[in-house]
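A quick note: this is a predicted structure, and the numbers were derived from the prediction, not measured.
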There are 2 protein chains.
Amino acid sequence: MTESQGFGDMLVWLSLVIQRRYAQICTDHDLTSAQASLLCVVKDRPLRMAELAANLGMAKNALSQLVDRTERRGLVQRESPEPDRRVITLGVTPAGKKVAEALYADVADRLPDIAADLSPDDQQHLRRIATLIATANLPGPC
Amino acid sequence: MTESQGFGDMLVWLSLVIQRRYAQICTDHDLTSAQASLLCVVKDRPLRMAELAANLGMAKNALSQLVDRTERRGLVQRESPEPDRRVITLGVTPAGKKVAEALYADVADRLPDIAADLSPDDQQHLRRIATLIATANLPGPC
DNA sequence: TGCCGAAGTTCATGCCGTGAACTAACTTCG
DNA sequence: CGAAGTTAGTTCACGGCATGAACTTCGGCA
């Protein structure tokens with residue numbers, strides 16, 4: 001009954017297209033999608049593990065292991081700066097910062113390619129709508 | 001320099017939001033995202049492995065293993081209908097068909113929730129734009 | 001016949017996420 | 001003070017997933 005076909009369906013395909021391009025850009029920087037997202041979230045300021053887990057929408061144990069792998073590569077480091085000695089914050093190393101910035105720039109540069117065939121109006125629409133949905137549905141940063 | 005902040009970035013977040021909701025709906029039907037997508041692609045007509053791999057954007061070997069797991073659950077079955085005995089086509093079982101249709105309906109029903117806060121105009125924009133990008137960037141079905 | 005290429009598969013490896021059990025550190029309150 | 005409960009984070013075993021490399025089978029072509 002939903003007219004044309006599959007709004008939901010189309011959203012899934014859209015996300016697959018984005019996901020694929022993103023993964024490609026990440027591997028060009030020798031990163032996985034998960035590690036790349038992690039890096040981008042902490043690139044400007046350290047965050048606690050719990051906050052990070054919420055931001056990325058993953059369980060604490062999954063995050064812990066992701067951090068293990070990323071730390072092993074020297075891109076990120078655990079710190080324990082608070083009086084409460086249980087809390088661990090995660091920051092980037094200088095190397096990680098460089099990688100993060102290069103990746104971020106590349107994403108900004110190459111990811112919008114998927115929208116290259118759209119009219120300028122539609123590109124603006126998409127940008128606006130993506131921002132709305134992302135900020136509305138993520139416990140997120142801002 | 002790109003105004004406001006991060007078009008590329010926003011697209012990534014958008015795709016994460018969609019991906020998460022989709023994964024949730026899939027697990028509600030006891031499926032993984034990959035198996036769900038596979039099922040939806042073959043639910044109406046059988047396809048060759050090579051075509052499937054192209055449609056889903058994955059390597060042939062990855063597909064082969066995905067099919068193994070999905071076939072083991074009795075949702076899908078390999079056939080060898082052509083004179084060329086190398087080609088294998090993949091079709092759904094009756095059980096698989098039922099699951100696929102229930103899932104598809106649920107996706108159509110619940111996935112657009114993420115856009116619920118948008119104005120009706122924006123929802124139409126999003127639907128249209130998603131369709132454009134998806135069909136333009138997928139070797140896909142149509 | 002003999003050789004090349006295409007369709008699928010198999011294997012080993014590594015990343016990723018989950019559930020369950022665990023440690024260490026703080027908090028509460030008698 | 002000190003025992004009970006809570007919170008932050010980790011560890012482990014397991015399964016799904018993707019990749020690269022090697023392999024089998026089959027068709028095409030000379």
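- The distance from atom CG of A/D68 to atom P of C/dG17 is 13 Å, rounded to the nearest whole Å.
- Distance A/K60 NZ to C/dT18 P: 14 Å, rounded to the nearest Å.
- Distances were taken from every side-chain heavy atom of B/A50 (C-beta onward) to each of C/dT9, C/dG8, C/dC26; the shortest belongs to C/dG8.
- Among the protein residues, A/A62 comes within range of the nucleic acid bases, having at least one heavy atom under 4.0 Å from a base atom.
- Nucleic acid contact class of A/Q65 (heavy atoms, under 4.0 Å, all strands): base.
- Put simply, CZ on A/R20 and CD1 on A/I114 are 11.0 Å apart, with the number rounded to the nearest 0.5 Å.
- The base of C/dG19 sits within donor-acceptor range of the side chain of A/N61, with an N or O pair under 3.5 Å.
- A sub-4.0 Å separation between OP1 or OP2 of D/dC17 and a side-chain N or O of B/R69 is present.
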**Report entry** Chi angles and distances behind the side-chain contact (heavy atoms from CB on, under 4.5 Å) call for B/D30, B/V99
**Finding:** CA-CA 9 Å; B/D30 198 34; B/V99 174; over 6 Å; no
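- The distance from atom CZ of A/R78 to atom P of D/dA8 is 16 Å, rounded to the nearest whole Å.
- Look at CE on B/M49: it is 16 Å from C1' on D/dC26, rounded to the nearest Å.
- Salt-bridge check for A/D44 with A/K97: passed, with a basic side-chain N closer than 4.0 Å to an acidic carboxylate O.
- The base of C/dA24 does not come close enough to the side chain of A/R86 for any donor and acceptor atom to sit less than 3.5 Å apart.
- Remark: B/S64 is not in phosphate contact with C/dT10, judged by side-chain N or O atoms under 4.0 Å from OP1 or OP2.
- Atom CZ in A/R85 sits roughly 12 Å away from atom P in C/dT27 (whole-Å rounding).
- At the heavy-atom level, A/L63 lies nowhere under 4.0 Å from the strands shown.
- No engagement by B/R72 is indicated, since no non-hydrogen atom pair under 4.0 Å with the nucleic acid exists.
- To the nearest angstrom, C1' of C/dT9 lies 15 Å from CG of B/L52.
- For the residue pair A/Q24 / A/D28, a side-chain donor-acceptor distance below 3.5 Å is found, with atom types taken as modelled.
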